[in-house]
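Keep in mind the model is a prediction, meaning the values are calculated, not measured.
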Amino acid sequence: MRLIVDHRTTYRFTAPQARLIQLLRVNPEDTHDQSVASWNVHVDCDARFRYGRDGFGNSTTMLYVDGPVDSIEITVSGEVLTNPSRGIVHGAHEPLPPEMFLRETALTTADPDMRSFARDVGGGEPLAGLHALNGALHRRFALDRGRPVPGQSAATAFQHASATPRDLAQIFVAAARSVEIPARYVSGYSPACFGADSSPAPHGWAEAHVEGLGWVAFDPCTGLSADEAYVRVAVALDSAGAAPVAGSRLGEGEEELDVDLHVDRAGQ
């Protein structure tokens, strides 16, 4: 499949900013399951770039802008060719052992209700249990297509009747770890959960490590494994660690965020 991505993030400030520093995790990389045919990151102001990797092995771009800055638009666009993989991740850069992804964070700590839920639906053989967990989360929550609540934990989201794709992925991660299965949050692009009432945003799903098989992708937004309609960009212990854009600013005033995102299958 050929996926075409056009992702624009605009920040506007009520007062000029003296300096901006942004950490971007927006660059997908070649694996056995995806090939980046073209990719470009553009900023609409004079900026300095520094390229590297974070501790999880994700490709990163540090963006430095000297002010005064009233607004900044970051445009990410390109094409990625993907192959069917049955959800199994092949050929990704893996600097850390799977056991690292048993670590809980403030966003992915399972409470007693989540632990009980994971034990009830995910027992037995690990792969079958993970698929059962994925399907159970998909059925339990109505899909909230709005913008996620900043900083909301998996435990808090689990108490609600609806959940965003980000929250569903974090709940899956927390639940899998609670039964001693390494799991991690994945950010990227997919038209999987887009709808007419969607708030444009990069997608989030989960991966769990199955002994003898490797990392397997699960998307409780659909109740299925991630397939060739997904562009995998970054992984981390939680959504904050895999956020496409994060950073700081030096200046007074408030900021307004606007996101415009289109992910299309070529020929459709």
Aromatic ring proximity H209/F101, centre distance under 6.0 Å = no
ask   = Taking atom CG of L127 and atom CD1 of I88, what is their separation to the nearest 0.5 Å?
value = 8.0 Å
Pairs of donor and acceptor atoms involving the side chains of residues 214-221, under 3.5 Å and at least two apart or interchain, shall be tabulated with distances.
{"unit_1": "D219", "atom_1": "OD1", "unit_2": "C221", "atom_2": "N", "d": "2.9"}
{"unit_1": "D219", "atom_1": "OD2", "unit_2": "H203", "atom_2": "NE2", "d": "2.8"}
{"unit_1": "D219", "atom_1": "OD2", "unit_2": "Y230", "atom_2": "OH", "d": "2.5"}

request  = State whether the side chain of Q34 and the backbone N or O of E29 hold a donor-acceptor pair below 3.5 Å, judged by distance alone.
outcome  = yes
query = Could you go step by step and tell me if R48 and D66 meet the salt bridge (Lys or Arg N to Asp or Glu O under 4.0 Å) rule?
reply = CA-CA 9 Å; R48 300 187 305 278; D66 290 326; 3.1 Å; yes
inquiry  = For a side chain to side chain contact (heavy atoms under 4.5 Å, CB included) check, start with the C-alpha distance between R53 and H93, then their side-chain angles and the critical distance, and finish with the verdict.
reply    = CA-CA 11 Å; R53 290 188 184 276; H93 182 61; 3.8 Å; yes
key: Criterion side chain to side chain contact (heavy atoms under 4.5 Å, CB included) on T75 and E73, from CA distance to verdict   = CA-CA 6 Å; T75 302; E73 181 179 86; 3.6 Å; yes
inquiry  = Could you measure the distance from the CG atom of D167 to the OG atom of S162? Nearest 0.5 Å is fine.
reply    = 9.0 Å
ask   = What is the distance from atom CZ of R166 to atom CG of L107, rounded to the nearest 0.5 Å?
value = 7.5 Å
inquiry  = Is it the case that the side chains of S187 and R25 hold a donor-acceptor pair, with the cut-off being a distance below 3.5 Å and no angle test?
reply    = no
ask   = For F117, is the NZ or CZ atom of R140 found under 6.0 angstrom from the centre of its six-membered ring and inside 45 degrees of the ring axis?
value = yes
message = Count I, L, V, M, F, W, Y as connected when their side-chain heavy atoms are under 4.5 Å apart, and connections chain through other members. Are I4 and L81 then in the same cluster?
response = no
message = Would you compute the distance between atom OG of S248 and atom CZ of R19 and round it to the nearest 0.5 angstrom?
response = 9.0 Å
ask   = How many angstroms lie between atom OH of Y51 and atom OG1 of T61, to the nearest 0.5 angstrom?
value = 5.5 Å
Audit row: V5, L261, side chain to side chain contact (heavy atoms under 4.5 Å, CB included) steps and yes/no = CA-CA 8 Å; V5 177; L261 174 63; 4.3 Å; yes
query = Does L168 share a hydrophobic cluster with F158, counting links as ILVMFWY side-chain heavy atoms below 4.5 Å and allowing steps through other members?
reply = yes
task = Please assess E104 against R177 for the test salt bridge (Lys or Arg N to Asp or Glu O under 4.0 Å), listing each intermediate value before the final yes or no.
result = CA-CA 8 Å; E104 292 183 336; R177 289 178 189 158; over 6 Å; no
ask   = Say you draw a straight line from OH of Y189 to NE2 of H262; how long is it, rounded to the nearest 0.5 Å?
value = 13.0 Å
query = Would you say the side-chain atoms of H90 and D33 include a donor-acceptor pair closer than 3.5 Å?
reply = yes
key: E79 side chain to R2 backbone, donor-acceptor under 3.5 Å   = no
